[in-house]
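For reference, the structure is listed below as structure tokens.
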Amino acid sequence: MPSVAILLANNKWVKPELIKGTGKAGRLSKGDVLLFLKNNKEGQTQPQSQPQQPSKPSKPTPQKYTDVATTKMRKIIATRLLESKQTIPHSYMTVEACLDHFLTNIKPKIKVSVNDYIIYCVAKALEQVPECNAVLDPKNGSHEQKEQIDISFAVSTDTGLITPIVKNTNHLRLENLSERVKDLSGRARQGKLKTDEFQGGTFCISNLGMFGVSNFAAVINPPHAVILAIGGGIKKPKTPNMTLDLDDFADGYIQNPTSVKDIEYGTFISITAASDTRAVDGATVGRFLSALKNEISQQ
């Protein structure tokens, strides 16, 4: 082009082959020469590189996924849990209980699970603190302390969580309770429970210990006033029972401290109670947890 020829004639030090043409078929344009003159001076042995045009971003590779439809049961569970958290004043407290009595004296003799044993002990504790065996009437907001102890326990199924009910739990021997739990759990996973076998109950237990969960907090399952969240067993040192007096602190040091060899280890589980404060107060739940801890540990 004439304008390019004039620029090159007036700047004979410029070598056209060093300029990248952006015109048609790679021809030099006036803009190409002016940009080169702006970035380079006469006498330079190496021309400065011209700024590159930004490249267009590559399109992201589409990710593979699978649409999973929400089951009717999961929708119902989500609705109930949302309503529970929004309308029920939850209060939480946790205790630890030692399983050594069960593992040493019961499990070797009877084929029952930790979950069976906990349900059995919960029923015994509810007999001692019946105030926690309560349900709320959503119509008038009052709660009823039930005489009959019907404990619900959570079972995971392909369609969602369901809570079968062990009726008259406190009247069952541990072996019979274990058989009832196995029967209800099996029929729950098969979808063969009757309506009255999973709707109702007076108390609820959710156990995730078999999945390695050490502790968690559950959401109250209306109309129950209390729900327990059970964690998995963990080996821990038992706190030694010892009393120290002033003579034990001679020269500022504890005399005859407990040796590491003297420390006993036990298997402990965490138990977290979520309670509806409209029905039971903290002191009542605390008494119940204390009774439950003693039942499990057989202190």
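- Ile220 and Ser84 make their closest contact through O-OG, 2.8 Å (heavy atoms, listed as atom of the first residue, atom of the second, distance).
- Take Asp196 and apply the salt bridge (Lys or Arg N to Asp or Glu O under 4.0 Å) test, not counting sequence neighbours, and it matches Lys167.
- Between Phe216 atom CZ and Phe211 atom CZ the span is 10.0 Å, to the nearest 0.5 Å.
- Between the side chain of Asn294 and the main chain of Ser290, a donor-acceptor pair closer than 3.5 Å is present.
- Asp150 places a side-chain N or O within donor-acceptor distance of the main-chain N or O of Asn168, the cut-off being under 3.5 Å.
- Aromatic pair Tyr120/Phe102: ring centres not closer than 6.0 Å.
- At distances below 3.5 Å, at least one donor-acceptor pair connects side-chain atoms of Asp100 with backbone N or O atoms of Thr267.
- Using a 4.0 Å cut-off between a side-chain N of Lys or Arg and a carboxylate O of Asp or Glu, Arg189 and Asp158 do not qualify as a salt bridge.
- Rounding to the nearest 0.5 Å gives a distance of 4.0 Å between CG of Asn170 and CD1 of Ile149.
- For Ser275 (side chain) and Val226 (main-chain N/O), no donor-acceptor pair under 3.5 Å exists by modelled atom type.
- In terms of modelled atom types and a separation under 3.5 Å, the side chain of His224 and the main chain of Ala134 share no donor-acceptor contact.
- At distances below 3.5 Å, not a single donor-acceptor pair connects side-chain atoms of Asn215 with backbone N or O atoms of Ser270.
- Of the possible polar contacts, one joining the Gln298 side chain to the Glu295 backbone as a donor-acceptor pair under 3.5 Å is found.
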*Check the pair Lys293 / Glu96 against salt bridge (Lys or Arg N to Asp or Glu O under 4.0 Å), numbers first and verdict last.*
CA-CA 7 Å; Lys293 178 178 178 178; Glu96 287 188 340; over 6 Å; no
_Under the criterion side-chain hydrogen bond (donor to acceptor under 3.5 Å, both in side chains), I'd like the reasoning laid out for Asp116 against Ser178: C-alpha separation, chi angles, the key distance, then a yes or no._
CA-CA 5 Å; Asp116 300 332; Ser178 179; 2.8 Å; yes
*Under the salt bridge (Lys or Arg N to Asp or Glu O under 4.0 Å) rule, what do Lys111 and Glu175 come out as? Steps first, then yes or no, please.*
CA-CA 8 Å; Lys111 290 185 177 181; Glu175 303 94 314; over 6 Å; no
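- Panel note: side chain Arg80, backbone Pro222; a donor-acceptor pair is recorded below 3.5 Å.
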*Using the side chain to side chain contact (heavy atoms under 4.5 Å, CB included) rule, take Lys146 and Gln148 through it: C-alpha gap first, then chi angles, then the decisive distance, then the call.*
CA-CA 6 Å; Lys146 298 291 188 179; Gln148 182 170 315; 5.6 Å; no
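- In this structure, a donor-acceptor pair under 3.5 Å is absent between the side chains of Asp137 and Ser142.
- Within 6.0 Å of the CD atom in Glu147, the count of heavy atoms belonging to other residues, nucleotides or ligands does not exceed 12.
- Side-chain contact annotation: Thr94 with Thr272, donor-acceptor N/O pair under 3.5 Å present.
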*So Ile271 and Ile296, side chain to side chain contact (heavy atoms under 4.5 Å, CB included) or not? Walk me through it.*
CA-CA 11 Å; Ile271 304 171; Ile296 293 174; 3.6 Å; yes
_Quick one, Asn133 with Thr202, criterion side-chain hydrogen bond (donor to acceptor under 3.5 Å, both in side chains). Give me CA distance, side-chain angles, the key distance, then yes/no._
CA-CA 6 Å; Asn133 191 51; Thr202 62; 2.5 Å; yes
